[in-house]
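One structure below.
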Amino acid sequence: MKKLFLVILAVLACIVLATEYAVEDELLTPDFSPKIGGTLRLVLASTPESYLLYGTLDSSSYSVIMGPMFSTLVEMHPVTNEIRPALAKSWTVSPDGKEVTFKLREAYWSDGTPITADDVVFTFQYFVMNQYARGNSIARFTIPDEQGVNRMIEWVKVDDKTVKAILPSPYGAFFTVLSHVYIYPKHKLEPLIDKNDLGSVNKIWLSNTDPKEIVVNGPFKPVQLITDQKLVLERNPYFWKVDRFGNKLPYFDRVEYLIIRDAEMRTAKFMAGEIDFMAIASRDYPMLKEQELTGKTPYVVYATQPNQPTPSPIHISFNFDVDDPDLRGLFTRLEFREAMEYALNRQRIIDEVFAGLAIPDAGLILPSNKAFYNPKVEQLLRPYDLKKANELLDKLGLTKRDKEGYRLFPNGKRVEFNLLVQNSPKEYQDVALIFVEDLKKLGIKVNLQILDSSLVGEMFGAGNFQAGIRAFGNQPDLQLRKAIWQPGTQLYYWHYSTMDKTKTPPQPVFENMFDWEKRIWELFEKAQIEMDPSKRKAYYDEVQELYHIYLPVIFVCKGMNIWGFNKTLGNAGLTDDGMLRFTVWTSYRK
Amino acid sequence: MWSFIVRRILIMIPMMFFVSVICFVVTELQPGDFLSQYLENPRISPEQIESLRRELALDKPAYQRYFMWIKNIVTKGDFGYSFSYQRPVIELIWERLGWTVAISVLTIGFQWLFATLMGIYSALHPYTLIDYTLTVLGFVGLSIPEFFLALVLVYLVLRVGGTAVGGLFSPQFIGAPMSWAKFVDLLKHLWLPIVVVGVSGLAGLMRIMRSNMLDVLGSPFVTALKARGLDEKTVRKHVIKNALNPLVSIAGMELPNVFSGTIIASIVLNLPTIGPFFYNALLNHDQYLVMAFLLFIALITQIGNLLADIALALLDPRIRIS
């Protein structure tokens, strides 16, 4: 027995020695003397529905899978957003930009099996490119070839440790989209899939799976799930990262996620010191900060430059295809939209609605995104100026007014429209109220239509609105938001006549596009097939400028990210640039 | 007696059918469906939403889905799948039933024990200071919303330095094997939900008990008993037994109340009961989950009523089934 144990130990040691470790950089591990061991205490809003990223659409599942449990081929640096090696230790791009060959790291699954090219090909075949998988990413890995025909990216195994991606044409955002593909173990999952029913992938590794069955390649593996109460993860001894002093990562032995549905209770538990790290709602920030300044709290809170896709920047849209011909004529005039931006009191909204915790220059790309942000948009923002707004409206011929002081169209009809807003989150309504107040001063009557969010979503989706307030998430790469910001796509909802919905997939209708919309469409297409980062930036710079000059939508502001940390947490806090520094594998207990 | 019980059970079947139709219609009337939450998620392409719609049969007309659902229940005992969890709803409800039943039963016990005792005491000492105090306290409990009471109590507990708020266990005991320390920890947490949920029903029950007692105390048979020279204690025993009757007959109604009444309190107090889970399913349009739960509540109501009737028959010899 003892002998067997020794043999196992020896084998284990060999594997561990054979691992080609990645060294975590100084940005994430600034401290020289990290302590190893202990439990990191985090929080989830609900029980994760699945351990398989591609079989679920549940955000709690995303939180525990993406990062804490699973790794990708290439990853985005948690602070700088730069692409860096992960399970792939290196890669080469062919000169024509259509073949990318990845060399895999010598690394192991949490049960000791080597991670191979088979796992990568398997993950793409059965999950990423499986149209029946709920969380598939087919759209992101399908790009037009040189003839403009959409084709899928192909994955080929070269040998056990080499895998090749064959692209129909060069694809600029390839590494960005790849950094969202978490690799799953073929040897554990293949037997569970019914090959005759590819929808069966949605039914594997659900929340009722024994956590011990789950095999991971990230820093932690699950060991226990107690429904609606707690999820416990344990260190994966085969994790393939070390810190710059040679210590194996992660530092913590365990991660415990408390499952707490109610936001107030989460805050209470955080204040009591029972949670080490979590996102804080902006409304709680003043109270928590005030307490923190007394010096007696177990925590600190920081408002950081927004760098997360959520919460989304709010924007105001005017339906270019609205039924009412007077309104349609008005909304499609640039002067009108300019007047609307002049009437938007961003500073008041930031102060009153966001308690000062928001930035005004939020557009398609966030200022914290050094790779793509175009600072020129800051000069393009039209400042709050009701006089200018009035002049522009007069110029549009809306000079006559009725007895109540509202402007009239030349045909004598009152300038009046409905503004569609969903009832939650509450910020949307507050923004609408301030905007409506200012428009009244301009002599424009706005009727607020505040409705249930799912109903509002359907109305926007059907183009059934006059004007609206809405929000869409940012992403590090604009390519990933093509489905929103490129004219003729399913979320370009303020001008649906640019899309022919009767075709599958829907096709753009160029004759219904303005010239600047055609240009935006073109820029998205060009940026997609460009592999040179500086050229891609130039394309996206122009898109950002066009959006702020022609105002397809008017961006309001973006709430800052607020994070709470327990004071005993090491390697956690803000960087010198005011960016969030925290990962589950580099934080430790002081 | 047995034929009565069998008849009552048979009546339940058409009742449940009507309930299921009503529940289905109500959930159908809710704007949007399970997929509307994903419509504006750029991660999910429109083709994917279409294929999900087919997979979940949401593209079929409502009546067809209803009959499919009923057919599966009747023929296979399958109450349907949860759209989001992709698991049978029965399994999901079952997972969360244990604590729900435990907390409900304890709460009912707390309510009834205190309500009857308070009612009896008030009736025996009517219009005294204590009577008024108990009544006022009961009504305060009735009028404060549960979630607010929960928040106030949580605040007070934290204020006096306690930490046992939210959930049923301290984090270190969740999932630990049962031990004395864990049991003590449970007790430290458990009183809060029991008081919060229990207090709201206290006043009503107490007032019913009090007025029953006063009625019975003034009835001729009590005078007769007293005239025959029975001692105070024996008379009181008869009075209480008679006064309990109406209370027993409403007991059946109480069961579903406790199940559904805990929803908001459970969310605020982070209890692992079915309430918050149901609430979430409702928001997400997880239709079969919602309907299975509503059917379950309806069933509990009917069973509760049946049990109350049986209990009444056993308690009161005047009631006979004919």
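Note that these values count all heavy atoms, side chains included, but never hydrogens, waters or copies made by symmetry. So that the names make sense, note that chain A is the first sequence line, chain B the second, and so on, each numbered from 1.
With respect to chain B, the highest number of heavy-atom pairs below 4.5 Å among A:Leu225, A:Leu206, A:Leu451, A:Ile259 belongs to A:Leu206. Ranked by heavy-atom pairs under 4.5 Å with chain A, the first of B:Ser51, B:Pro276, B:Ser82 is B:Pro276. In terms of heavy-atom pairs under 4.5 angstrom with chain B, the leader among A:Asn208, A:Val232, A:Thr489 is A:Asn208. Note: A:Lys230 leads A:Lys230, A:Lys203, A:Gln224 in heavy-atom pairs under 4.5 Å with chain B. Top candidate by heavy-atom pairs under 4.5 Å with chain A, chosen from B:Val268, B:Asn270, B:Leu151, is B:Asn270. Contacts with chain B were tallied for A:Ser207, A:Ala139, A:Ala268; A:Ser207 has the most, counting heavy-atom pairs under 4.5 Å. Contact count versus chain B (heavy atoms, under 4.5 Å) is highest, among A:Glu264, A:Arg41, A:Lys269, for A:Lys269. Heavy-atom pairs under 4.5 Å with chain B peak, among A:Leu258, A:Asn202, A:Asp452, A:Thr47, at A:Asn202.
Atom CZ of residue B:Phe34 and atom CG of residue A:Leu57 lie 7.0 Å apart, to the nearest 0.5 angstrom. Taken from CZ in A:Arg261 to CG in B:Leu271, the straight-line distance is 11.5 Å, to the nearest 0.5 Å. The OG atom of A:Ser50 sits 11.5 Å away from the OH atom of B:Tyr85 when rounded to the nearest 0.5 Å. Once rounded to the nearest 0.5 Å, the distance linking CG of B:Leu168 with CG of A:Asp228 reads 11.0 Å. Between the CD1 atom in B:Ile49 and the CD atom in A:Gln490 there is a gap of 8.0 Å [rounded to 0.5 Å].
Interface residue B:Tyr81: only side-chain heavy atoms are found under 4.5 Å from chain A. Of the atoms belonging to B:Ile274, not a single heavy atom falls under 4.5 Å from chain A. In this structure, chain B has a heavy atom under 4.5 Å from the backbone of A:Gln131, while its side chain stays farther away. Using a 4.5 Å cut-off between heavy atoms, B:Leu52 contacts chain A through its side chain alone, with no backbone atom that close.
In the model, B:Arg96 has no side-chain atom that pairs as donor or acceptor with a side-chain atom of A:Thr227 under 3.5 Å.
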